[in-house]
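As structure tokens, the structure follows; a few thoughts come after it.
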Amino acid sequence: MSTKKMYEIAKEIYAQYGIDTDAAIKLVSQIPVSMHCWQGDDVKGFENPDGDLTGGIQVTGNYPGKARNIAELRADFDKACELIPGKKRINLHSFYLDSDVPVSREKIEPKHFDSWIDWAKERNLGIDYNPSCFSHPLSSDGLTISHPDKNVRDFWIEHCKGSRKVAEYIGKKLNNTVITNFWMPDGYKDIPADRYGTRLRMKEAYDEIFAEPIDEKYNKDAIESKVFGIGAESCTIGSGEFCMGYAAKNGKLLTLDTGHFHPTEVVSDKISSTLLFLDEILLHVSRPVRWDSDHVVILDDELKAIACEILRGGFTDRVHIGLDFFDGSINRIAAWTIGTRSMQKALLFAALEPSAKLRELEATGDYTSRLALMEEIKTLPFSAVWDMYCEMEGVPVRSAWLDEVKKYEKEVLLKR
Ligand code: RNT
Ligand code: ZN
């Protein structure tokens, strides 16, 4: 049966639940998802492609075909975009700069991103940005902006200040708001003696980084919390409380990475709470498997719950969706495609939820019907609407995208 025919049937069934499938597709097609560039090269960057990944994060796997330079990364990203419906942004780390000569991180300038800006403009992509405070000799002992050595601290503070300038420049050139995410790996492997002192240094460093006013039309700052990392098991300086407190007090965005909490804590439950005290938040949607393993995002219950929380509240302007996973053990373009398509599926699933009805049942205390309806929704003909969305967006329907990835792998990736 054709996608269209299947869709017509699905449309009728959803209508019985008061849901307009056309409107759901339209809504979802306008929600931007920020795709992280670092899935394409295992978070190496172009500063020193032989450098080791540090900062408590790790990529495993040596699947062939990794992007080795900007041209390859862009080509791979383009390929992935052809296979994914919806509105996209690209999330860059500062060490993905474009420069013929090595540039020390505290000296990175807006001009190093000119070619990225041109490239993004041609594709109508927004850009997001991150200072890169890891995989560097000055972060090798696990501390950056909270380091007791003022010279080390100042180096990273300079890098972060410069990053805001880069972001503002990108924002102006694209006439769009760049979200700059500050994630610091700072932590202690073993039990620290001065948690307060170290956190105070981090707080003061952030104060210095954010001291210069920047037009929020072009740049917004977000700080990302974390619970622990490899080599930082005993204490993470930028903890949940630290980042929430800092963001709330200073009008910053809070970044909630789905891998950065204890395993039974879920980000879907944090959206409503944080939005009561913050104007906006940024999500790093990932898939932690036993730890912050950054597996490729799949359409699991938590992903659906996150999307439902965003759409139920009508929070699409206040919750920025970014992805953050990196798997080097499978085809990297497939990884991007699977993860981003899953995010899109979750958003569509959420847009097809009869949320007003569910709320009404809850308000009248009919929890029986609430649970019953939530379960029935799961088996409505979602796939027919998803297929239609893909068709309308001109991207492969169902698993046809995989053939394109395999072809690209044979023709391009395996020749690298
Ligand atoms: C690390 C954080 C951080 C990084 C990226 C590369 O645990 O999640 O966001 O993954 O910035
Ligand atoms: Zn993250």
Side-chain angles (χ1 to χ4, degrees), residues 27-41 43 67 70 73-98 110 113-132 163-164 166-183 216-222 224 253 255-258 280-286 297 303 306-307 310 315-326 332-333 335-348 393 395:
L27 172 70
V28 173
S29 69
Q30 282 156 11
I31 302 172
V33 172
S34 191
M35 289 170 63
H36 53 311
C37 75
W38 52 90
Q39 165 60 63
D41 75 332
V43 211
I70 294 198
L73 187 72
R74 287 181 188 156
D76 293 357
F77 192 88
D78 275 341
K79 187 81 235 170
C81 286
E82 284 170 22
L83 311 174
I84 300 163
K87 202 166 163 187
K88 300 156 197 98
R89 302 173 63 82
I90 182 162
N91 197 2
L92 297 174
H93 250 282
S94 62
F95 59 28
Y96 287 85
L97 77 169
D98 188 358
F113 286 85
D114 277 336
S115 71
W116 276 114
I117 295 167
D118 294 342
W119 178 85
K121 243 190 208 157
E122 279 166 27
R123 288 153 180 79
N124 199 20
L125 290 171
I127 295 181
D128 293 307
Y129 196 67
N130 304 255
S132 313
S163 295
R164 294 179 82 222
V166 171
E168 182 191 37
Y169 175 81
I170 297 173
K172 277 190 181 154
K173 290 267 174 179
L174 295 181
N175 194 25
N176 193 261
T177 315
V178 174
I179 299 189
T180 306
N181 179 54
F182 295 80
W183 169 66
E216 289 231 321
K217 190 163 177 267
Y218 302 117
N219 174 70
K220 284 182 182 169
D221 307 302
E224 182 175 5
L253 275 73
T255 304
L256 296 170
D257 183 309
T258 57
E280 293 170 54
I281 58 174
L282 170 65
L283 300 182
H284 268 191
V285 182
S286 195
V297 166
L303 191 70
I306 287 172
I310 299 171
F315 297 139
T316 47
D317 290 339
R318 296 176 65 197
V319 180
H320 304 273
I321 304 171
L323 305 175
D324 184 12
F325 52 81
F326 27 98
R332 294 171 185 81
I333 296 160
W336 260 324
T337 309
I338 294 165
T340 317
R341 280 176 72 110
S342 297
M343 187 71 240
Q344 290 287 344
K345 283 179 193 164
L347 289 168
L348 185 63
E393 289 273 315
V395 302

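Numbers here simply count residues along the sequence, with the first being 1. These numbers were taken from a predicted model, which means no experiment stands behind them.
A side-chain donor-acceptor contact under 3.5 Å links Asp324 and Trp38.
Residues passing the side-chain hydrogen bond (donor to acceptor under 3.5 Å, both in side chains) test with Lys217 are Asn175, sequence neighbours excluded. Residues passing the ring pair (Phe, Tyr, Trp, His ring centres under 6.0 Å) test with His320: none are found, sequence neighbours excluded. Partners of Arg318 according to the salt bridge (charged side-chain N to carboxylate O under 4.0 Å, His left out) rule, which considers only residues two or more places apart in sequence or in another chain, do not exist here. For the side-chain hydrogen bond (donor to acceptor under 3.5 Å, both in side chains) test, no residue two or more places apart in sequence or in another chain qualifies with Tyr218. Lys88 is linked by a side chain to side chain contact (heavy atoms under 4.5 Å, CB included) to Met35, Cys81, Ile84, Leu125, counting only residues two or more places apart in sequence or in another chain. Taking Tyr129 as the reference, Phe113 meet the ring pair (Phe, Tyr, Trp, His ring centres under 6.0 Å) condition, with sequence neighbours excluded. For Lys345, there are no salt bridge (charged side-chain N to carboxylate O under 4.0 Å, His left out) partners two or more places apart in sequence or in a different chain. Partners of Thr255 by side chain to side chain contact (heavy atoms under 4.5 Å, CB included), not counting sequence neighbours, listed by chain and number: Asn181, Ala222, Glu224, Leu282, His284. Arg74 pairs by the salt bridge (charged side-chain N to carboxylate O under 4.0 Å, His left out) definition with nothing, not counting sequence neighbours. Under the rule for a salt bridge (charged side-chain N to carboxylate O under 4.0 Å, His left out), the partners of Asp221 that lie at least two apart in sequence or sit in another chain are Arg164, Lys252. Checked against ring pair (Phe, Tyr, Trp, His ring centres under 6.0 Å), Phe182 has the following partners two or more places apart in sequence or in another chain: Phe210.
Remark: side-chain polar atoms of Glu280 are not paired, donor with acceptor, to backbone N or O of Leu253 under 3.5 angstrom. A side-chain donor-acceptor contact under 3.5 Å links His36 to the backbone of Phe325. In terms of modelled atom types and a separation under 3.5 Å, the side chain of Thr337 and the main chain of Leu83 share no donor-acceptor contact.
Contact annotation: the side chain of Met343 approaches that of Leu303 to within less than 4.5 Å [non-hydrogen atoms, C-beta and beyond]. Put simply, the side chain of Arg341 reaches to within 4.5 Å of the side chain of Val395, judged on heavy atoms. Using a 4.5 Å heavy-atom threshold, the side chains of Leu323 and Trp336 count as separate.
Separating the CG atom in Asp114 from the CG atom in Asp98 is a distance of 9.0 Å, to the nearest 0.5 Å. Between Asn124 atom CG and Leu174 atom CG the span is 9.5 Å, to the nearest 0.5 Å. The distance from atom CD1 of Ile90 to atom CG of Asp128, rounded to the nearest 0.5 Å, is 10.0 Å. Note that the CD1 atom of Ile321 and the CD1 atom of Ile281 stand 10.0 Å from one another [nearest 0.5 Å]. Residue Ile338 holds its CD1 atom at 11.5 Å from CD1 of Ile333, rounded to the nearest 0.5 Å. If you take CG on Asn130 and CZ on Phe95, they are separated by 9.0 Å, rounding to the nearest 0.5 Å.
Residue pairs satisfying the salt bridge (charged side-chain N to carboxylate O under 4.0 Å, His left out) criterion with at least one member in residues 75-85, sequence neighbours excluded, are listed as follows: Asp76-Arg416, Asp78-Arg123, Lys79-Glu82, Lys79-Glu404.
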Apply side chain to side chain contact (heavy atoms under 4.5 Å, CB included) to residues Glu216 and Thr177 and explain how you reach the verdict. CA-CA 7 Å; Glu216 289 231 321; Thr177 315; over 6 Å; no
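Taking both residues in full, the closest heavy atoms of Thr180 and Ala167 are given as OG1-CB, 3.0 Å, listed atom of the first, atom of the second, then distance.
The aromatic rings of Trp119 and Trp116 sit perpendicular, their planes meeting at an angle over 60°, well past the 30° parallel limit.
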